[in-house]
Every structure is written in C-alpha cells, then in structure tokens.
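Note that these values count all heavy atoms, side chains included, but never hydrogens, waters or copies made by symmetry. When a ligand or atom number is given, it counts from 1 through the structure's own listing order. In this text the structure is predicted, and so the values were computed from the model without any measurement.
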Amino acid sequence: FTCDLIRNFSIIAHIDHGKSTLADRLLELTGTIKKKEIGKNEQVLDKLKVERERGITVKAQTASMIHTFGGKPHVLNLIDTPGHVDFAWEVSRSLAACQGALLLVDASQGVQAQTISVFHIAQERGLKIIPVLNKIDLPAAQPERIAAQMQSTFGTDPDDIICISAKTGKGVEEVLQAIIDRIPPPNGMTTAPLKAFLFDSLYDRYRGVISLVAVQDGILKKGDRIASCHTNKKYEVQEVGIMHPEEIPTNGLYPGQVGYVACNMKESSEAHIGDTLHRVGAAVDPMPGFKPAQAMVYAGIFPVDTSDFPKLEESIKRLALTDRSVTVQRESSTALGQGCRLGFLGTLHMDVFRQRLEDEHDANIIVTAPTVPYKLVYKNKDVYISNPTEFPDAIDVSSKVLEVQEPVVKASIIVPEDYFGDMMDLCFTHRAEDLEHRYLDAGTGTSARIMLNCVIPLSEIVTDFFDQLKSRSSGFASFDYEEAGYKASDLSKMVFLLNGKPVDALALIVHRSHEDSIGKEWVKKLVKVIPRQMFEVPIQAAVGKKIIARETLKAYRADVTAGLYGGHVERKMKVLERQKEGKARMKRMGSVNLPQEAFFDLMSSK
Ligand code: GDP
Ligand code: MG
C-alpha cells in the first residue's frame, strides 16, 4: 500500500459519547470484525474487564481496516485513544501518529469538558478534524442546537458536520467516505532512512513488550537491527505486522503504515511513548515532543495480611509491566509493615490499577490516602516529596525550607446554568482561583450551558472533588483539567496520635484552611474503626505541636467480676483493683494495637 491509499485517524470524544460504538461499526462495515462477535455491550477495542465495567477506555488500542473506494483497496488505521483526563498525555501521543480525527459529540448532551480538551489537543497537532454528531436516534437529540454550540466553541462550519447514529449504523458509511475525502494521506519516503514513531505498547506474556509504531520513512522488516533515539538501546526485529484487529504478521511496514513490532524488549519501561526508532548505524532526528509520563498521584499499597507481601509485590510488578506509566517503589511503615508506594497519572488511573490488582491477582490490600507530589524549595535545591512522612514536621527556620509549593491545574467545568451557583461554591471550597465563565449557548427552551474555568490545586481534585461535582450537579457537570505547574502554598503535615504516639501511615499534608475540618473528620473516623483497648485511648490530630482535634476511645471493660457471687464484696473489690493496675501498666507501655483491618475500614470509608 502506498501512502495515498492510507489514512491514519483517531476518534476523539467526551466519555460515553459513543467512541467505542462507532469504532465497532467501522470495524464491522469494513469486514474487519463480524457482527456476531460482539456481545451486547462489549466493545471489541475495550479489552480489559475494568474498562468494560466502567465503560471507559484505559489503554489505547489500534486497528487497521481495509476498505475499497473507487475500486481501490485503502487501509484505514484507527488509532484508539484513552478516554479520560488522567490520560490526556497519552491522547496527545496517540494523535501524533494521525493526520486526522473524528470529533464525536453526543447530540443529546452537547459539547462537554473533554470535548473541548481533546479538540485543543487535535488542533495543536494540526490534524484535520471531522465533526460528527452522534446518537441522533435519541428523542432528546438536538442536532441544530449542538451544531450551533460547536460553531461558537470551535468555529465549526455546520455544513461539515456529519449526523449519525453509531448504534443503528445510520450515517456511518458517510463517515468512512469523509475519512477518505477529507483526511490527508501520510507522506513519507520508502528510500529515506527508517524513522518510526512509537505511540503505544502492549505487554504479551510470551513475547514481552510489543510496540505500536507509525512508520514515517523507510521500511521496517523482520531481522532489522533497530535502536531507540531516547535510550540508545539496540534490538533485533522479531516480527512486524498490522492489528486487524488481532496481530497479523506482514513482510514489512512501509511509510505511512501503522502496525506492531516485536523486538525482544523485556520491560514496558523500554518502550517510551513518543520515542523514535531508527536503523542501527543510520541515526535520524527524533520526532519532537518527547516527554516521559509523570506520576501526579501517589499512594501506598499494603497487604491486609502482612505475610502476603512477597505475593503482593510480585503481582504489582507483573501488573506494572503492562502499564509503563505506573511507578513502583518499596515502602515500609511501622503501622502497616512492608508495602509499595505507587505513582499514578491521576486518581482514575489509581482506581483502575487497584481494581485490576484486586480482580486479576486476587489481592486483599490497603490503599493509603492519595497524595500529590509537593515541592520543597531550599536555598540551593528543590526537593519533590511523594510521601507525607518525608515532609518536615514544621516549616520554620530549623527546616531550612524557604517555600512549599503544590501542583495546580487549569480546570474547566461545563454545566447547565441552573447549577452554576453550586459549581462556584464547590470551586471556592476547593481553593479555586482565577474563576472565569462564559455561555456556550443561549439555551432556547432548555437551560443554557456555561463553561467555568479556574486554577485549582491538584490535591483538591484527588480527594472528593469529582464525586461532589457529580452529586451537586445531578450528574450534569462535566470536568476536565490540564497541568499548570506549581504554586506556593500554606501547607503543613498533619499527624494522628494514638495515646500520644504518631501513626506514620496516617500522616497527611493539608492546607491551613482545611486543618480543622480534616482533623475533626479523621479523628471521628478513627474512633469508629479502632477496636477498644483495656484502657482509654486519646486520638488526636496535630499540626506541629498544636492539637487540632481530639476524640477519646472508651476503654473496653471486661467484666471480671461476673462469675463472683454478690456477697463477696471484698473479693470483688480486689479483682477490680487488680484490673485497674493492669490497665495502668498497659497504658504506661502505651502501645495501641491497630490491626490491619482497622486501616482497611478507615481507607475504604468515605
Ligand atoms: P465511549 O465512552 O465514547 O466509548 O462510548 P460508548 O461507545 O461506550 O457508548 C456509550 C453509551 O452510549 C453506550 O451505552 C452505547 O450503547 C450508547 N450509544 C453509543 N452510540 C449511540 C447512538 O448512536 N445512539 C444511542 N441511542 N446510543 C448510543
Ligand atoms: Mg469506550
């Protein structure tokens, strides 16, 4: 296939607007998959169980289709992108392998927060954008209104919009035709030195890492000796082929083609998304825009049964092999024993990993409160901290920390006008700044849509922000964000003391304005989950030397006199006396037994 017979494209959309459904229709129409292969709600491209359950695409997956236009077979490469804000960076990478994108919008929901973010990514990459309105079969569909929204938001010409129902298949032919007519073919040279863009990787238990590449120039063949521009590591190509949608080996990958390469990479971390592969001895300029994925949310993962650690660590490592954006380090805690500290792209990424760990590895685990990477600015250096225990007890002269900074994001929320006040309030209580808003449409008949933009600390988003956004807008608000650097902030370490002793695994980093509420909330939770001891246990939240909140866990009083007859007062007194001594002794020894189960309850209570 020469370049002019190839189209590389992607479908970009807000979650649930029908990306997977449209992908399935395209694969069916082109005969790539048979109709009956699809179960009721199981999309072919969403392979992971957790993705199916949550209805999201986590891992980008790609398929090549062959379709005949004007008597000539064409290759259409669909590059699937992940559908969540945590993976915005992966979206951007995958789009680098395309020349065009279908911008899919639900005709009943209209433009949503992620519609805007993915549009901007595609536009920055200079892609040809084909606007598509989906779900026009729904009674609630308002194609004219949404077309007007797209015109005012993106400058879309309403005549360019294709109206479809991915569910019934109506209009999908027209989409195929538009892909051929409107998206430019890739351009590359067969005779130029090999240059292949690595945009995704898969992990195969038997063959190791499989990279997905878009060949820019030259030919990639079995037996070739290739090298990575970024790691300089060398490999021999074992197999190349296309995803159809399963892997099908081919003789070679030519300019403009998209396919897979198996070349004995042992670990996913070797397959850098955005890397450029070239032939050994024929170096090329790497494609621009390479940036390693950066963890933005960290949490400790510990086994409920401490003797399970070796098994848990093995499971975590195996799972991390399939997802190169997770970082893994060992961590040990006095309270929880041996565990791992993992870094994720965002909270959804964390939830997905955790669920996969539980589903696929049958692991019973405790996940500590998530934390973002904080920056401590010293006179001559910056130190990034991903664990509250590393945070200085007090930020003062003795700590030599000049300033504490936290990551912030630019957030956008799209919501019907009726919920605007609630959303403003939500933003304010989560320390948002620079609030701005504008109308997306006038809302004829129904409530108008408002877009709200602000700058908000990432730490505010990793806790309850998303849940509150959904509940306070009755599910109507959509939300997306992009990283926006670091900002100075008034943060301190909060520790929790049981009987005067700090519990390391419970330390948190909190903003001054939240100290009281967080301190009170956590001691209340703690008093509920810690089993009673033989003596009274004070539970305190402290920042530096200051106690912020306190609850008291009542003593468990074993009725040691139950077996004694009423008359033996003297003996009864003696027994109670002895019990009191015992309690005092235990209290002096001071240790409160905090079982793993209590942690489990604590971390899973909302
Ligand atoms: P994705 O998150 O963008 O991949 O969205 P999905 O393809 O998973 O679709 C989300 C939901 O919308 C699913 O329940 C689909 O069955 C439904 N859906 C997708 N396209 C259409 C359509 O054209 N009409 C109707 N009525 N429902 C659709
Ligand atoms: Mg999907």
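- There is a side-chain donor-acceptor pair under 3.5 Å between N8 and N77.
- Counting atoms of ligand 1 from 1 in the listed order, those under 4.0 Å from a heavy atom of D16 are 1 (P), 2 (O), 3 (O), 5 (O), 10 (C), 12 (O).
- The proximity of H17 to ligand 1, defined as any non-hydrogen pair under 4.0 Å, is limited to the backbone.
- At a heavy-atom cutoff of 4.0 Å, ligand 1 is contacted by the side chain of D137 but not by its backbone.
- The proximity of A13 to ligand 1, defined as any non-hydrogen pair under 4.0 Å, does not occur for either the backbone or the side chain.
- Between the side chains of D480 and S117, a donor-acceptor pair is found at a separation under 3.5 Å.
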Task: From CA spacing to verdict: side chain to side chain contact (heavy atoms under 4.5 Å, CB included), T276, K195 - done: CA-CA 7 Å; T276 304; K195 192 169 176 177; 3.8 Å; yes
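- Among the atoms of I15, none of the N or O lies under 3.5 angstrom from an N or O of ligand 1.
- Polar contact with ligand 1: present for S20 (N/O pair, distance under 3.5 Å).
- The shortest N/O to N/O separation between I136 and ligand 1 does not fall below 3.5 Å.
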- [ ] Begin from the C-alpha positions of K410 and D434 and carry the test salt bridge (Lys or Arg N to Asp or Glu O under 4.0 Å) through to its verdict.
- [x] CA-CA 10 Å; K410 270 191 212 152; D434 305 339; over 6 Å; no
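- Aromatic rings of F344 and Y298 (six-membered ring for Trp) have centroids beyond the 6.0 Å cut-off, not under it.
- Within the 4.5 Å cutoff, no side-chain heavy atoms of V175 are placed close to those of I130.
- Listed by number with element, the atoms of ligand 1 under 4.0 Å from a non-hydrogen atom of L138 are 26 (N).
- Every atom of ligand 1 with a heavy atom of T21 under 4.0 Å away is listed here by number and element: 6 (P), 7 (O), 9 (O), 15 (C), 19 (C), 20 (N).
- Between H67 and F69, the ring center distance clears the sub-6.0 Å criterion.
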